[in-house]
Amino acid sequence: MSTTFASLNIRNYRIWFFGALVANVGTWMQRIAQDWLVLTELTDHDGFAVGVVTGLQFAPAVVLTPIAGILADRFDPRKILIVTQALLGVLAAVLGALVLSGHAELWHVYALALGLGVVSALDAPARQVFVSELVPAERLGNAVSLNSASFNAARLIGPGIAGLAIAAVGTGWVFLINAASFAFTIAAMLAMRPAELEKIPRAPRAPGALRAGVRYVRGRSDIVVILIVLFVVAAFGLNFQLTSAVMATEVFHRDADGYGILGSILAIGSLAGALLSARRVRPRVRLVVGAAFGFGVSSALMALAPTYVLFAIATIPVGFFSLTMITSANAAIQLSTDPEMRGRVMSLYVLVLFGATPIGSPIVGWVAETWGGRWSILVGAISTIAVAVAAAAWSRRRWGIEVTYERRPRPHLVLTHPEERAAREQAQIDVAADESGTRTAA
């Protein structure tokens, strides 16, 4: 099997991958149906209401994710995931029943979105840690990227199916389909062989566990840079559910299937970014910052697209750079973190990635209502470019990063750390010494 799909050689990971793929398709179907329900059935195209729903889904992460990180370090993440996946299925079933019975109101969606946020906050750190138990350390980066590929393959499939299903049978059935999809993830985890899981050290029960995790991150400037970049991008740039809905309905005057197609096309670039990341053994900070800059530029071009077709095409590079950034950040943090601290550190990663949304989403929704859909994307593009440039400048000054231009084998910029330059110079000295010794012997 190629390097890109190396982790699929491992039975437990293979079972997890395909079980999660089915559940991810259902999740993306629900996301599209939920926004469409609020935007067209429960309100009169109220972008702010969609932003509130999105914010409520991620708000609990601010409080609960750090606690969930401690739980993931102390307890079996597989058992945690079985419980959380079952609860997510129940929440989806309740919303589906409310819609089909004709009793759904906006406050119901708000309440269930909040419940979804609570369970997701408990689920996310355990999910991050569990990946490290499915594969050996040398394949962790590959496994993380394939997880993102699964998620975005589902994004490629789910929105299109959701758009067709909404048009055919309505939003209520979409929620029930998602509820059923979680059974596949639970069945996959029950089918695994626990004896073949990687043994990860569990953190001891001790006071100050959360503070210890924060101190650990504060002492790692590389992780801090990644988290700052992620926070800004997640808060103002990764609001595709909201911005695509507004652009599809208000700017390009499309219906449900047109909105769903945008999500599927975006996923083409996202899937490509995840698969490309799967080939990298050890992603670095420079890749995260560079991908963030690319995301900002491509988002600005997408916002300025004059037609629906050009807007849809422009989502491909946006998806590519966003997933390259997210998967590289995830792998870089996990690979460089001590195993007994991984749950707490990854909880902070999840907190930043998801917790930024309740801050940025209502703001972006307000921008959409006040200045229009294009500005709701541009505000994220401008913010992302600014933080990427600032991070690059700070890293170059603090870490002594050197930027050079090389023309071969193709024109490109090369960023090197002092340790890399020292290793390269030492290698050149060793080669010169070998050549000198050879000439002397001759």
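Numbering starts at 1 and runs along the sequence shown. Heavy-atom basis, side chains included; hydrogens, waters and symmetry copies ignored.
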Distance-only donor-acceptor check, side chains Tyr13 and Asn147, under 3.5 Å: yes
Option from Ile166, Val174, Val109 for which side chain to side chain contact (heavy atoms under 4.5 Å, CB included) with Leu37 holds: Val109
For Ala391 against Val289, the heavy-atom pair lying closest together: CB-CG2, 4.1 Å
From Ile228 atom CD1 to Trp394 atom CH2, the distance as rounded to the nearest 0.5 Å: 8.0 Å
Side-chain touch Ser322/Leu238, heavy atoms, less than 4.5 angstrom: yes
Sequence-distant partners of Ala162, side-chain contact (heavy atoms from CB on, under 4.5 Å), two or more places apart: Met29, Ile32
Flag, side chain of Ser383 to backbone of Gly380, donor-acceptor distance under 3.5 Å: no
From Thr243 atom OG1 to Arg374 atom CZ, the distance as rounded to the nearest 0.5 Å: 12.5 Å
Chi angles and distances behind the side-chain contact (heavy atoms from CB on, under 4.5 Å) call for Val246, Leu39: CA-CA 9 Å; Val246 173; Leu39 196 66; 5.5 Å; no
Sequence-distant partners of Phe320, side-chain contact (heavy atoms from CB on, under 4.5 Å), two or more places apart: Ala272, Leu276, Thr324
Spacing of CG belonging to Leu21 relative to CG belonging to Leu146, to within rounding of 0.5 Å: 11.5 Å
Verdict with reasoning, Ile226 to Ile333, per side-chain contact (heavy atoms from CB on, under 4.5 Å): CA-CA 8 Å; Ile226 291 174; Ile333 293 174; 3.9 Å; yes
Interatomic distance, Glu133 atom CD to Asn12 atom CG [nearest 0.5 angstrom]: 10.5 Å
Ile377 CD1 to Leu304 CG distance, which is reported to the nearest 0.5 Å: 9.0 Å
With sequence neighbours excluded, residues passing side-chain hydrogen bond (donor to acceptor under 3.5 Å, both in side chains) with Arg220: Tyr216, Asp222, Ser336
Validation row: Thr27, Ser181 side chains within 4.5 angstrom (heavy atoms): no
Where at least one partner belongs to residues 218-238, residue pairs that pass ring-ring contact (aromatic ring centres under 6.0 Å, His included), sequence neighbours excluded: none
With Phe311 via ring-ring contact (aromatic ring centres under 6.0 Å, His included) - residues at least two apart: Phe252
ring-ring contact (aromatic ring centres under 6.0 Å, His included) pairs, two or more places apart, involving residues 94-117: none
Residues Leu95, Leu91; criterion side-chain contact (heavy atoms from CB on, under 4.5 Å); working and verdict: CA-CA 6 Å; Leu95 182 55; Leu91 290 170; over 6 Å; no
Phe130 backbone acceptor or donor facing Arg78 side chain under 3.5 Å: no
Non-hydrogen atoms of Pro77 and Ala126 that approach each other most closely: CB-O, 3.6 Å
Set of side-chain hydrogen bond (donor to acceptor under 3.5 Å, both in side chains) partners for Thr370, sequence neighbours left out: Trp366
For Ala381, side-chain contact (heavy atoms from CB on, under 4.5 Å) partners two or more places apart: Ser299, Ala300
Over 12 foreign heavy atoms within 6.0 Å of CZ, Phe293: no
Aromatic Tyr308 / basic Arg254 pairing, under 6.0 angstrom, 45° off normal: yes
Val99, Val53, Val50 screened by side chain to side chain contact (heavy atoms under 4.5 Å, CB included) with Gln34, the one that passes: Val53
Residues that Arg14 engages under salt bridge (charged side-chain N to carboxylate O under 4.0 Å, His left out), provided they are two or more places apart: none
Note, Leu348 side chain near Val352 side chain (heavy atom, < 4.5 Å): no
Pairwise side-chain contact, Ile326 with Tyr349, heavy-atom cut-off 4.5 Å (strictly under): yes
Note, Val233 side chain near Met325 side chain (heavy atom, < 4.5 Å): yes
Test side-chain contact (heavy atoms from CB on, under 4.5 Å) applied to Met302 and Thr315, step by step: CA-CA 7 Å; Met302 180 177 70; Thr315 64; 3.4 Å; yes
Contacts of Thr327 that satisfy side-chain hydrogen bond (donor to acceptor under 3.5 Å, both in side chains) - sequence neighbours left out: Ser277
Least distance between heavy atoms, Ala312 atom then Ile265 atom: O-CG2, 3.1 Å
Shortest non-hydrogen separation from Asn178 to Ala92 and the atoms involved: ND2-CB, 3.5 Å
Leu176 side chain near Leu100 side chain, heavy-atom distance below 4.5 Å: yes
Closest contact, heavy atoms only, Ala23 versus Thr185: CB-OG1, 2.9 Å
Donor-acceptor pairs are to be reported for all side-chain atoms of residues 115-124 against protein atoms at under 3.5 Å, with residues two or more places apart or in another chain.
{"residue": "Ser120", "atom": "OG", "partner": "Leu116", "partner atom": "O", "Å": "2.8"}
{"residue": "Asp123", "atom": "OD1", "partner": "Arg127", "partner atom": "NE", "Å": "3.0"}
{"residue": "Asp123", "atom": "OD1", "partner": "Arg127", "partner atom": "NH2", "Å": "3.3"}
{"residue": "Asp123", "atom": "OD2", "partner": "Thr84", "partner atom": "OG1", "Å": "2.7"}
{"residue": "Asp123", "atom": "OD2", "partner": "Gln85", "partner atom": "NE2", "Å": "3.0"}

Sequence neighbours excluded - salt bridge (Lys or Arg N to Asp or Glu O under 4.0 Å) pairs with any residue from residues 348-364: none
Separation of Glu105 CD from Leu98 CG (nearest 0.5 Å): 9.5 Å
Nearest non-hydrogen partners of Val38 and Ala49, listed with the distance: CG1-CB, 3.9 Å
